[in-house]
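Since this is a predicted model, take the numbers as computed values, not measurements. Per chain, numbering begins at 1; letters A, B, ... match sequence-line order.
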Amino acid sequence: MTVTRIELLSQFVGQTVTLRGWVYDRTSKGKLHFLLMRDGSGIAQCVIFKGNVGEDVFQAFAAAGQESSIELVGTVKADARAPGGFEIDVQSGRVLQSAQNYPITPKEHGIEYLMEHRHLWLRSKKPWATMRVRHAVIMAIRNFFDERGFTCMDAPIFTPNACEGTSTLFEVPYFEQTAYLTQSGQLYAEAAAMALGRVYTFGPTFRAEKSKTRRHLTEFWMIEPEMAFATLDDVMTLAEDMLSSVVAHVLKTRRAELAVLERDVSKLEKIVTPFPRITYEEASRILLDHPDIKGTELAFKPGEDFGAPHETIISNLYDRPVMVHRYPAAIKAFYMKRDPADPTKCLSVDVLGSEGVGEIIGGSQREDDLALLLERIRHEKLPEEAFQWYLDLRRFGSVPHGGFGLGLERTVAWICGIEHVREAIPFPRTIYRLTP
RNA sequence: UCCCCGGUAGCUCAAUGGUAGAGCACCCGGCUGUUAACCGGGUUGUUGUAGGUUCGAGCCCUACCCGGGGAGCCA
């Protein structure tokens with residue numbers, strides 16, 4: 001007997017197969033059960049006639065609640081009445097474990113309740129589709145870098161100090177010392193780039209900021225490519241190539257999942273290179289004159305960083321991600337290289353996702369001059385001793401280099417059209433959620 | 001850390017300061033084409049916690065707990 005998966009049913013029309021999975025939903029009509037079965041790969045309607053399977057099996061399935069684990073043997077039929085177009089005419093089956101009172105019904109639930117039951121909620125259609133897209137995004141990113149000669153070199157998660165010296169970090173005991181959970185692998189990626197040329201890190205990142213917005217998690221996954229012999233333009237080109245390539249891969253391989261998510265794919269089909277590039281100054285002028293915020297509390301103040309409403313205004317001007325570059329050096333990290341054409345600016349770029357989702361990438365060309373970098377570290381009052389190894393990268397064969405950090409959950413949420421990043425990761429960690 | 005909103009049945013919600021309700025879920029019965037099935041019957045409460053005002057509090061007041069939305073910070 002052929003054991004198969006629901007996503008492959010179209011290859012087995014007319015044949016008898018075995019399916020293993022769980023009861024997603026059931027409606028019964030006298031001597032007939034319509035059973036929606038899911039197996040992780042999809043959902044199939046299974047028709048159980050009492051006369052075909054016998055009284056005992058029929059009763060067992062009548063008593064099996066939502067999410068009972070089951071095994072069925074039946075013939076695959078094409079039937080327009082079945083969701084998905086195929087159904088199983090069941091000949092025999094058994095209930096492995098009969099579940100009762102499954103907490104998540106096909107009816108509506110609030111987000112708190114669903115998050116409290118995240119370990120079960122993952123079985124529902126929307127999380128299922130989101131996780132399948134997340135996987136496709138991960139694979140697309142890894143393939144993209146692999147094809148371009150990048151080596152994956154992951155950074156440590158325990159670190160001795162703040163990478164950028166700004167965010168609040170999680171402290172953990174580390175034998176006789178205190179360690180911090182990494183907030184960025186970038187400085188390590190720079191060291192790796194000097195060794196391997198083109199590298200990327202792909203790992204978890206931690207921020208102890210008490211953020212409470214749809215864009216923040218305390219634990220999230222970040223991809224940080226770093227290239228030796230690269231300028232800001234090279235960094236921007238890499239970013240747009242990567243994002244467009246990832247979106248194309250998802251469109252090619254995850255159409256069904258995007259349909260479950262009710263995503264407007266025409267919006268995604270517009271994500272092709274080149275992406276618009278505007279300077280911070282140009283963006284500032286747009287914001288200063290924008291009628292929605294001019295003269296309000298949200299009014300943009302020149303020289304300051306963009307707030308969430310500002311990012312939304314800028315990103316809504318375009319049908320694809322927009323790259324805002326050359327921010328004021330004063331509001332950006334110490335390691336970003338100054339713009340030779342205007343030393344008050346730095347060679348940085350933020351990529352704002354389309355449809356108003358905000359920043360999904362932050363990157364820059366790095367300061368490669370030892371003296372200037374040291375001056376920045378002292379000016380920011382960072383612990384100079386802790387940065388000696390980083391300064392070594394400028395003492396021994398310094399070259400122009402740069403890279404960026406991509407937030408995986410923000411990218412997945414953007415592609416899926418999901419409002420909140422907590423739904424773009426299997427088990428989200430937020431300020432008020434450490435369980436399940 | 002700051003601002004706003006919420007917490008009532010397993011879930012989603014309603015209830016002018018005056019007897020705590022509905023839909024769904026669940027249980028029993030009926031039905032061989034359901035798609036959020038349908039029809040008949042049934043079960044379901046420490047109104048987040050503690051105190052206060054009042055003849056009387058789910059409702060008003062205070063504190064606390066829990067959560068949601070936003071700001072800041074950032075990916």
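Among residue pairs with one or both ends in residues 403-416 of chain A, those qualifying as salt bridge (charged side-chain N to carboxylate O under 4.0 Å, His left out) are A:Arg134-A:Glu409; sequence neighbours excluded. Screening residues 95-105 of chain A for side chain to side chain donor-acceptor pair (under 3.5 Å) gives A:Ser98-A:Gln100, A:Thr105-A:His109 as the qualifying pairs, with residues at least two apart or on separate chains.
Stem regions annotated for RNA chain B: B:1-7 with B:65-71, B:10-13 with B:21-24, B:26-30 with B:38-42, B:48-52 with B:60-64, counting only runs of 3 or more consecutive pairs of Watson-Crick or G-U type with both contacts under 3.5 Å.
Applying the side chain to side chain contact (heavy atoms under 4.5 Å, CB included) rule to A:Thr205 yields the partners A:Arg207, A:Phe220, A:Met222; only residues at least two apart in sequence or on another chain are considered. Checked against side chain to side chain donor-acceptor pair (under 3.5 Å), A:Arg376 has no partners two or more places apart in sequence or in another chain. For A:Lys267, the salt bridge (Lys or Arg N to Asp or Glu O under 4.0 Å) partners at least two apart in sequence or on another chain are A:Asp264. A search for salt bridge (Lys or Arg N to Asp or Glu O under 4.0 Å) contacts involving A:Glu219 returns nothing, not counting sequence neighbours. Looking at residues two or more places apart in sequence or on another chain, you find a side chain to side chain donor-acceptor pair (under 3.5 Å) between A:Thr344 and A:Asp342. Remark: A:Arg198 pairs with A:Arg148, A:Phe150, A:Met227 by the side chain to side chain contact (heavy atoms under 4.5 Å, CB included) rule, at least two apart or across chains. Not counting sequence neighbours, A:Arg429 has no partner by the side chain to side chain donor-acceptor pair (under 3.5 Å) test.
Inter-residue side-chain proximity for A:Leu382 and A:Phe387 is flagged as met; some heavy-atom pair is nearer than 4.5 Å.
A heavy atom closer than 4.0 Å to some atom of RNA chain B occurs in A:Arg410, A:His420, A:Arg422, these being the qualifying members of residues 408-430 of chain A.
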Protein within reach of the bases, or only the backbone? For nucleotides 21-36 of chain B, mark each nucleotide 5' to 3' as B, S or -, using heavy atoms under 4.0 Å. ---S-S----BBBBBB

